[in-house]
Amino acid sequence: RVTRADDEIVSSMVGRGNVQVLKPIVDTEVQRAINALSIANPDVSQMVNNVVQLGNTGHFVEVIGKSKRQVKLAIDRIKEQSSALYNISAGVDGLVNDLLGQMARTGALSAEIVLRNDKKGVQEVVIVPVHTIRWLRDTKTSEVFPAQYLGSIKNRDTKDLTRDYIELSPQTYAFYRMDSIEGSMYPIPPVMAALGNLKIQMSMMKNISAITRKVGLVGFISILLKAPQMDAGETKSAYATRVQTYINEAANKLTANYNDGLFVGLQNQHEVTHTSLTADLRGLQDVVQINEEQIFSGLKSDPAMHGRTYSTTETYAGVVFDKLLAQLDTYKRLVKRFLEKVYKLDLMLCGINVNNVKVSFKAAKPLNDLLEQNARAARFTNLLNELKLGVISWEEFVRGLGRDEPFKSAPNFEALNPVKEKAEDPKKEDDGDDDEEDPKKKKDKKKKKNMLDKSCVNTETLFRGV
């Protein structure tokens with residue numbers, strides 16, 4: 001491992017000569033604040049949780065190779081590594097959770113593949129904090145490459161600051177950003193657009209908290225006491241002291257009574273008045289809702305996914321859910337590429353040669369499974385008719401069903417429309433003359449058989465899941 005933990009101080013310089021540090025879009029302190037908001041703020045926390053819970057649907061791993069032995073070795077190796085690559089959180093499943101959470105907070109995937117000391121395999125995968133990554137440009141070659149920024153060290157003699165960076169290898173480090181601006185290598189956090197309204201929300205909640213602490217949740221009660229008579233010869237200061245003592249003692253007794261839900265006093269001795277808090281805050285809910293809607297727009301999330309039911313219908317909820325699943329595909333594609341990079345590198349270092357390793361996530365469960373199945377059946381029928389008429393190719397048919405590539409190299413129409421053998425007509429007399437089969441029909445039959453045999457040739461896909 002060459003990267004360092006966030007709180008670990010190590011001195012290491014990039015051995016490249018003159019380099020130019022590209023300025024990040026988001027300040028480091030802002031990124032740290034976003035990480036804190038994802039823990040403390042309910043709306044940001046739920047947005048991140050939705051990405052993790054709905055994004056990690058489980059995944060399949062497909063190994064493709066020419067030799068069955070090599071494929072089996074690769075499968076066994078991946079099974080072994082699936083629980084060992086990320087020991088801090090349930091293996092690969094926990095790794096996917098943390099990668100999705102990292103992208104939801106920062107807008108990028110940043111992770112390092114740590115090799116074994118003998119370079120004969122991958123030892124583990126570590127998450128590298130995005131705010132520690134800087135992109136540098138070599139002034140001689142104009143090459144842009146990632147490095148981890150470790151801090152600054154002051155020279156005792158010259159008092160100059162020397163910035164420490166660790167250059168990261170593209171073979172073992174991955175930095176995949178989701179969104180950015182033109183010409184920048186740095187990501188834009190999904191939470192960035194909501195920061196202004198989140199600040200307003202915090203101010204609102206702080207004010208409401210202060211009001212409820214002072215006047216209570218349902219309002220406040222004022223009680224006026226009848227002042228005692230001033231004794232003969234009593235000075236004004238002594239009378240004022242006696243009145244204040246009387247008010248304090250009455251306040252303690254009345255507070256105890258109201259805590260029990262009961263008030264006991266003398267008629268014409270106490271004047272009780274209740275002032276409602278909610279009557280004066282009737283427009284507050286509208287103001288809070290307007291600000292929350294701006295927050296959810298900034299989070300690229302819908303209020304319905306945060307428990308806010310602003311007149312949401314079932315149809316609209318389905319549209320919102322489908323939109324969220326489409327957004328999650330962007331997250332999952334980056335995780336897919338990283339997992340493939342990990343598996344391929346590990347197999348290569350172990351000397352296991354395969355053609356390819358593919359990762360695919362399981363489809364998310366729809367809100368209406370029956371409706372989804374009916375739509376899939378109709379889509380299949382339409383695509384099949386177009387395939388039979390020659391409108392689309394076999395590859396287009398497979399892609400139309402949401403598959404990357406076909407399991408067989410050619411379609412088998414006989415499996416879809418089996419031809420039943422006609423029963424022999426018992427009335428037909430046997431003339432005893434066995435006609436030889438037509439040579440042309442025999443040739444077509446042999447050609448068709450060879451085509452079917454060829455369609456059954458398939459790459460090895462013995463392992464379908466982790």
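Everything numeric here is computed off the predicted structure, so don't read it as measured data.
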Using 0.5 Å steps for rounding, measure from the [atom1] atom of [X] to the [atom2] atom of [Y].
X      : Y      : atom1 : atom2 : value
Gln148 : Ile166 : CD    : CD1   : 5.5 Å
Phe145 : Glu167 : CZ    : CD    : 4.5 Å
Ser38  : Ile34  : OG    : CD1   : 9.0 Å
Glu112 : Glu124 : CD    : CD    : 9.0 Å
Leu347 : Ile75  : CG    : CD1   : 10.5 Å
Met185 : Ile25  : CE    : CD1   : 10.5 Å

Check step by step if side chain to side chain contact (heavy atoms under 4.5 Å, CB included) holds for Met192 and Val30. CA-CA 9 Å; Met192 193 67 190; Val30 175; 4.2 Å; yes

What's the shortest heavy-atom distance between [X] and [Y], and which atoms?
X      : Y      : value
Gly400 : Arg379 : O-CD, 3.5 Å
Gly107 : Pro187 : O-CB, 3.4 Å
Ser180 : Tyr186 : OG-O, 2.6 Å
Arg116 : Val122 : CG-C, 4.2 Å
Pro228 : Tyr246 : CD-CD2, 4.1 Å
Met47  : Leu299 : CG-O, 4.0 Å

Quick one: are [X] and [Y] in side-chain contact, heavy atoms under 4.5 Å?
X      : Y      : result
Phe175 : Trp135 : yes
Arg134 : Pro24  : yes
Tyr331 : Leu109 : no
Val128 : Ile133 : yes
Arg105 : Val48  : yes
Asn291 : Met204 : yes
Thr28  : Thr132 : no
Leu95  : Ser89  : no

May I have the step-by-step check of side chain to side chain contact (heavy atoms under 4.5 Å, CB included) for Val342 and Val125, ending in yes or no? CA-CA 8 Å; Val342 174; Val125 175; 4.2 Å; yes

[X], [atom1] atom: more than 12 neighbouring heavy atoms under 6.0 Å:
X      : atom1 : answer
Met202 : CE    : no
Arg242 : CZ    : yes
Lys344 : NZ    : yes

Distance-only polar pair, side chains of [X] and [Y], donor-acceptor under 3.5 Å:
X      : Y      : answer
Asn41  : Gln201 : yes
Asp231 : Tyr239 : no
Asn248 : Gln244 : yes

Check the orientation of Phe361 and His59. Use parallel for under 30°, tilted for 30 to 60°, and perpendicular for over 60°. tilted

Identify whether the distance between the nearest side-chain nitrogen and carboxylate oxygen of [X] and [Y] falls below 4.0 Å.
X      : Y      : value
Lys120 : Asp118 : no
Lys323 : Asp302 : no
Lys336 : Glu340 : yes
Arg333 : Asp329 : no

Would you sort out whether Leu334 and Met103 count as a side chain to side chain contact (heavy atoms under 4.5 Å, CB included), showing the intermediate values? CA-CA 9 Å; Leu334 300 185; Met103 288 188 290; 3.7 Å; yes

Would you sort out whether Tyr173 and Ser110 count as a side-chain hydrogen bond (donor to acceptor under 3.5 Å, both in side chains), showing the intermediate values? CA-CA 8 Å; Tyr173 175 73; Ser110 175; 2.7 Å; yes

Taking it one step at a time, do Ser301 and His306 satisfy side-chain hydrogen bond (donor to acceptor under 3.5 Å, both in side chains)? CA-CA 8 Å; Ser301 186; His306 293 258; 2.8 Å; yes

Please check this pair: side chain of [X] against backbone of [Y], looking for a donor-acceptor N/O pair closer than 3.5 Å.
X      : Y      : answer
Lys332 : Thr330 : no
Asn56  : Val52  : no
Asn50  : Gln46  : yes

Checking Val359 against Phe60 for the side chain to side chain contact (heavy atoms under 4.5 Å, CB included) test, could you report, in this order, the C-alpha distance in whole Å, the side-chain angles of both residues, the deciding distance, and whether it holds? CA-CA 6 Å; Val359 173; Phe60 297 105; over 6 Å; no

Asp98 vs Tyr86, test: side-chain hydrogen bond (donor to acceptor under 3.5 Å, both in side chains). Steps then yes/no. CA-CA 10 Å; Asp98 289 351; Tyr86 202 63; 2.6 Å; yes

